[in-house]
Amino acid sequence: MARSVTPVDGLMMRVSSVHLHPVKATAALDVQVADVELWGLRHDRRWTVVGASGRRLNATTHDRLLGITATPAPAGDLVLSRHGAADVEVPVPRGGACVPVDVSRSPTLMTDAGDVAAAWLSAFLGEQVRLVWQHDPSLRPIRANHGGLGGEPLSLADTAPLLLTTTASLSRLNDWIADEHGCDAPEMTMRRFRPNVVVEGSTVPFEEDGWRSIRIGDVAYRFAEHCDRCVVTTIDPFSLAHDKEPLRTLARHRRWDSKTWFGIRIIPLAVGTLSVGNRVVIDGGVPPATPRAGGD
């Protein structure tokens with residue numbers, strides 16, 4: 001049965017925030033509304049920075065990427081911003097040179113964004129890099145072992161078009177961290193987890209583990225997989241300081257299959273819009289996944 005109200009306190013589940021990451025591994029951009037496309041939100045993760053060999057750079061090895069903000073224009077062009085430098089405008093490189101890029105262990109041709117963007121990024125990162133654009137998401141299907149049903153398109157997101165998290169789960173995680181650290185407990189913000197959509201109104205932490213059919217506003221989604229978390233979550237997105245949290249605490253409470261878990265990846269079944277305040281309805285689900293024994 002469809003459900004949009006929690007049985008505990010009658011709160012209706014709604015979207016509390018929507019986030020884009022136009023250039024993969026750079027800072028999150030908060031928006032009020034985003035267009036939903038079959039491969040993800042419009043402007044989300046369609047650009048990436050690559051090294052000389054064509055291998056994609058990530059925040060694990062290049063945390064300074066988190067200090068770059070990419071703001072899309074309506075036509076898809078970008079404005080790159082960072083502290084201490086003038087902004088640079090990057091037009092969508094339609095018809096530009098195609099270069100091989102290693103994304104998710106599978107080489108794919110993408111379009112080079114030109115020398116101006118490359119020089120701006122190289123000066124900041126201290127090495128020669130290029131900015132490239134994914135001109136055709138249909139060339140990168142969602143893999144079956146990540147929930148794909150065959151031929152479904154994907155942006156440069158890791159495994160599925162959108163990542164969903166809930167405020168109830170973040171609150172429980174912060175409670176666990178407080179229990180562990182006491183007065184010195186660091187408070188995790190949702191930005192560490194780099195979601196596209198954050199849902200509020202549920203009072204059941206990690207309830208999203210069991211969601212299988214989801215309607216947000218006018219668009220239906222299906223569950224693709226649970227999201228395993230990497231060390232990027234241990235980097236403060238503002239100070240760039242590195243720590244052991246939240247992975248240390250997640251490993252104690254949310255560890256199975258030798259990984260730690262937070263959030264779910266979902267696949268849109270149609271195009272539409274996603275807005276802050278949208279009602280969230282769960283049309284189908286299973287009992288939430290139970291973390292297996294593990295951790296330290």
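FYI, the numbering just counts along the sequence from 1.
Inter-residue side-chain proximity for F223 and I264 is flagged as met; some heavy-atom pair is nearer than 4.5 Å. The shortest side-chain heavy-atom distance between L80 and V90 falls under the 4.5 Å cut-off. Between T249 and L173, the closest side-chain pair of non-hydrogen atoms falls below 4.5 Å. When side chains are defined from C-beta on, L164 does not count as touching N196, because their heavy atoms never get closer than 4.5 Å. Looking at P237 and R192, their side chains come closer than 4.5 Å, going by heavy atoms from C-beta outward. P72 places a side-chain heavy atom less than 4.5 Å from the side chain of L29. A 4.5 Å side-chain heavy-atom check between V198 and T166 finds every atom pair outside the cut-off. Counting heavy atoms from C-beta outward, L162 and L274 have side chains that approach closer than 4.5 Å.
The side chain to side chain contact (heavy atoms under 4.5 Å, CB included) with V199 is formed by just one residue from the set N278, I214, V280; it is V280.
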field: Worked check of side chain to side chain contact (heavy atoms under 4.5 Å, CB included) between T165 and L170
entry: CA-CA 8 Å; T165 60; L170 181 65; over 6 Å; no
- prompt: Between H226 and R265, is a side chain to side chain contact (heavy atoms under 4.5 Å, CB included) present by the stated rule, with each step listed?
  reply: CA-CA 6 Å; H226 299 99; R265 302 188 190 276; over 6 Å; no
message: The test is salt bridge (Lys or Arg N to Asp or Glu O under 4.0 Å); show your working for R130 and D115 and say whether it passes.
response: CA-CA 8 Å; R130 308 292 296 185; D115 293 339; 2.9 Å; yes
message: As a quick check of understanding, evaluate salt bridge (Lys or Arg N to Asp or Glu O under 4.0 Å) for R254 and D209, giving each step before the final call.
response: CA-CA 11 Å; R254 299 274 303 169; D209 284 349; 2.7 Å; yes
- prompt: For K24 and D158, what are the C-alpha separation, side-chain angles and deciding distance, and is it a salt bridge (Lys or Arg N to Asp or Glu O under 4.0 Å)?
  reply: CA-CA 10 Å; K24 190 168 173 61; D158 286 342; 2.8 Å; yes
task: Could you give me the CA-CA distance, side-chain angles and deciding distance for V23 and V49, then say whether side chain to side chain contact (heavy atoms under 4.5 Å, CB included) is met?
output: CA-CA 8 Å; V23 179; V49 181; 4.0 Å; yes
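The CE atom of M110 sits 9.0 Å away from the CZ atom of R56 when rounded to the nearest 0.5 Å. Interatomic distance, D236 CG to T189 OG1, rounded to the nearest 0.5 Å: 7.0 Å. Of the inter-residue distances, the one linking I216 atom CD1 with M13 atom CE reads 9.5 Å to the nearest 0.5 angstrom. Note that CG of D30 and CG of L20 are 9.0 Å apart. Values are rounded to the nearest 0.5 Å. H21 NE2 to S155 OG: the interatomic distance, rounded to the nearest 0.5 Å, is 11.5 Å. A distance of 11.0 Å separates CG of L139 from CH2 of W39, quoted to the nearest 0.5 Å.
Under a 3.5 Å cut-off, the side chain of T260 and the backbone N or O of L247 do not form any donor-acceptor pair. Here the side chain of R229 pairs a donor or acceptor atom with the backbone of F262 at under 3.5 angstrom. N174 places no side-chain N or O within 3.5 Å of a backbone atom of I177 that could act as its donor or acceptor partner. Between the side chain of T26 and the backbone N or O of T69, no donor-acceptor pair lies under 3.5 Å. A distance-only check finds no donor-acceptor pair linking the side chain of D257 to the backbone of K259 [under 3.5 Å]. R64 places a side-chain N or O within donor-acceptor distance of the main-chain N or O of F124, the cut-off being under 3.5 Å.
Residue I142 is not grouped with residue L269 when hydrophobic side chains (ILVMFWY) are merged at heavy-atom distances under 4.5 angstrom, including chains of intermediate members. Both V276 and I266 belong to a common hydrophobic cluster when Ile, Leu, Val, Met, Phe, Trp and Tyr are linked at side-chain heavy-atom distances under 4.5 angstrom. V132 is not connected to L57 by any chain of hydrophobic side-chain contacts under 4.5 Å among Ile, Leu, Val, Met, Phe, Trp and Tyr, and they are in different clusters.
Open room surrounds CD on E89; 12 or fewer heavy atoms of other groups in view lie less than 6.0 Å from it. In the displayed structure, Q128 atom CD is contacted under 6.0 Å by at most 12 heavy atoms of other residues, nucleotides or ligands. Within a 6.0 Å radius of NE2 in H242, other residues, nucleotides and ligands contribute more than 12 heavy atoms. Dense packing is recorded around CG of D179, with more than 12 heavy atoms of other residues, nucleotides or ligands lying under 6.0 Å away.
Ring to ring, W261 and F193 are not that close: their centroids are 6.0 angstrom or more apart.
D44 and P161 get closest at one heavy-atom pair: OD2-O, 4.4 Å.
Annotation: cation-pi geometry not satisfied between R215 and Y221 (NZ/CZ under 6.0 angstrom from ring centroid, within 45° of ring axis).
Under the 4.0 Å criterion applied to side-chain N and carboxylate O atoms, E152 and R222 are assigned as salt-bridge partners.
No side-chain donor-acceptor contact under 3.5 Å links T159 and R143. There is a side-chain donor-acceptor pair under 3.5 Å between D87 and S81.
Classified by interplanar angle (parallel below 30°, tilted 30° to 60°, perpendicular above 60°), the ring pair W133/W47 is tilted.
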